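Just below is one structure, and these are the notes that go with it.
Since we're looking at a predicted model, the values are computed, not measured. Each chain gets a letter, A, B and so on, in the order its sequence line appears, and its residues count up from 1.
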Protein chains: 2
Amino acid sequence: MLDLLKANIERTISQPIPEGICTAFSSLLFEKQFDKKDNLVEEGQLCKYIYFVTKGSCYSYITDEKGDSHTIQFALEGYWISDLYAFFSEKKSIYTVAALEPTKVLALNREQFQKACDTMPIFDKYFRILIQNAFVALQYRLAKTNSADAEHRYREFSQLHPDFIQRMPQYLIASYLGIKPPSLSRIRKDLANKK
Amino acid sequence: MLDLLKANIERTISQPIPEGICTAFSSLLFEKQFDKKDNLVEEGQLCKYIYFVTKGSCYSYITDEKGDSHTIQFALEGYWISDLYAFFSEKKSIYTVAALEPTKVLALNREQFQKACDTMPIFDKYFRILIQNAFVALQYRLAKTNSADAEHRYREFSQLHPDFIQRMPQYLIASYLGIKPPSLSRIRKDLANKK
DNA sequence: TCCATTACTTAACATAGGTTAATTGTGGAG
DNA sequence: CTCCACAATTAACCTATGTTAAGTAATGGA
């Protein structure tokens with residue numbers, strides 16, 4: 001499962017990395033397993049790790065005052081996930097990360113993350129580009145949240161993430177899109193009728 | 001106005017930078033001026049630069065099918081702004097960046113950006129942390145957009161960005177919050193009455 | 001200083017999406 | 001195979017915010 005990570009790094013920075021660097025990096029990570037419904041990060045707790053998913057899937061969400069959950073991010077194999085706010089600031093987590101299936105991850109803690117970035121400049125680059133891409137995608141998602149209606153957002157999401165449509169339950173997709181399950185049902189019904 | 005940038009870099013990476021590095025970096029930048037309402041980036045055009053604001057203010061927005069604008073980001077002195085999607089992908093811009101006042105910026109183009117990152121690893125670090133912070137803030141903004149009502153979002157925004165409240169017109173603040181000017185007026189009226 | 005423009009407010013009405021609750025569908029544990 | 005718990009759908013009704021349009025207040029250029 002290190003192959004998945006190595007491929008991810010090389011694709012992200014658009015260059016092959018020496019075997020030595022890869023070994024050095026992987027020595028900073030350790031493998032961890034979670035059952036379905038386990039929490040990888042818990043709201044209110046410190047967030048010690050960022051996780052690279054090698055098997056399974058998970059998602060992060062925020063809980064509002066009414067107790068409702070709002071999905072922030074999905075992660076399948078090959079995705080990083082965590083509460084980056086809490087991870088970098090060393091404050092209490094504001095999000096929860098939970099496994100949707102039995103899930104295997106590679107965990108990286110803050111000290112090792114710093115060490116990787118400080119001793120191997122290639123990792124500043126890797127994480128810079130990784131976050132750069134995530135930022136661009138997130139900005140677009142917010143732009144669409146504020147400028148397009150729910151049906152439009154659902155159609156675009158289906159196109160962009162057919163894999164998520166397959167594997168994630170609908171009530172989570174609804175919450176990712178910023179709507180409630182009955183609304184998503186309505187939208188799906190309308191779309192089915194149109195065809 | 002290079003002082004502003006140097007201070008920004010040192011604060012971001014939490015370490016002083018040698019004078020030499022600073023000079024080398026600044027030689028990659030060039031100064032540019034815009035009048036009020038000028039576009040720094042135009043939707044549909046290539047986005048050649050990222051801009052560091054040294055004087056004045058600007059904002060980025062997306063235009064929807066109906067022709068309505070939706071504010072993505074504000075930038076005062078000490079902020080970077082651009083269409084990062086277009087800048088990095090070399091595709092046509094999907095956002096517009098416009099000056100709200102007579103504005104001075106330092107412009108950095110893609111080749112120089114690459115050069116800075118490739119030859120001075122400290123700039124990978126600088127931009128990594130910069131984008132990291134922007135990502136964390138953006139993720140929180142989206143989380144709130146999906147989980148809190150407009151009044152809550154406005155109160156939080158006022159607390160977090162009193163400077164924006166001062167300097168930005170209300171119709172742009174409304175659009176930043178994902179609502180229309182009449183709604184923001186209503187909210188402000190209600191808040192004034194509550195006190 | 002005055003006019004023209006642009007921003008802000010207000011009110012009446014419209015609507016997308018939320019809420020609730022009942023109903024049906026479904027997949028995993030035993 | 002058969003429950004049971006949970007996920008998805010549906011329908012009736014509700015509410016926050018949008019829409020439109022008019023009126024008022026600022027602002028900036030001649």
Starting at atom NZ of A:Lys189, determine the distance to atom C1' of D:dA8, rounded to an integer number of angstrom.
13 Å
Check: B:Tyr140/B:Glu156 side-chain N/O donor and acceptor closer than 3.5 Å
yes
Could you point out which residue of B:Lys36, B:Lys37, B:Arg167 forms a side-chain hydrogen bond (donor to acceptor under 3.5 Å, both in side chains) with B:Glu101?
B:Arg167
Can you check salt bridge (Lys or Arg N to Asp or Glu O under 4.0 Å) on A:Glu111 and A:Lys115, steps first, answer last?
CA-CA 6 Å; A:Glu111 294 80 52; A:Lys115 195 169 166 187; over 6 Å; no
Could you walk me through whether A:Glu77 and A:Lys55 pass the salt bridge (Lys or Arg N to Asp or Glu O under 4.0 Å) check?
CA-CA 5 Å; A:Glu77 293 85 359; A:Lys55 192 77 212 296; 5.5 Å; no
Please pick, from D:dT10, C:dA7, D:dA8, the nucleotide with the shortest atom-to-atom distance to any side-chain atom of B:Pro169.
C:dA7
For the CD1 atom of A:Ile50 and the CG atom of A:Leu108, what is their distance to the nearest 0.5 Å?
4.5 Å
OP1 or OP2 of C:dT9 sitting under 4.0 Å from any side-chain N/O of B:Arg188?
yes
Between P of D:dA5 and NZ of A:Lys37, the distance in whole Å
12 Å
Over how many whole Å does the gap from B:Leu172 atom CG to C:dC8 atom C1' extend?
13 Å
Separation of D:dC6 atom P from A:Gln170 atom CD, nearest Å, is 18 Å
Check for me whether the distance between the ring centres of A:Phe88 and A:Phe113 falls short of 6.0 Å.
yes
For the pair made of OH in B:Tyr171 and C1' in D:dT19, what is the distance, rounded to whole Å?
19 Å
Report the relative orientation of the aromatic rings in A:Phe127 and A:Trp80; use parallel for angles under 30°, tilted for 30 to 60°, perpendicular for over 60°.
perpendicular
Any donor-acceptor N or O pair under 3.5 Å, side chains B:Glu43, B:Ser93:
no
Of all heavy-atom pairs between A:Arg128 and B:Asp124, which one has the smallest distance, and what is that distance?
NE-OD1, 2.6 Å
Return the angle between end axes of the helix from C:dT1-D:dA30 to C:dG30-D:dC1, with five pairs used per end and rounding to 10°.
50°
Between atom CD1 in A:Ile165 and atom C1' in D:dA8, what is the gap in whole Å?
14 Å
How does protein reach along nucleotides 16-22 of chain C, written 5' to 3' as B (base within reach of a heavy atom under 4.0 Å), S (only sugar-phosphate), or - (no contact)?
-BBBB--
Round to the nearest Å and state the distance from B:Lys36 atom NZ to C:dT5 atom C1'.
11 Å
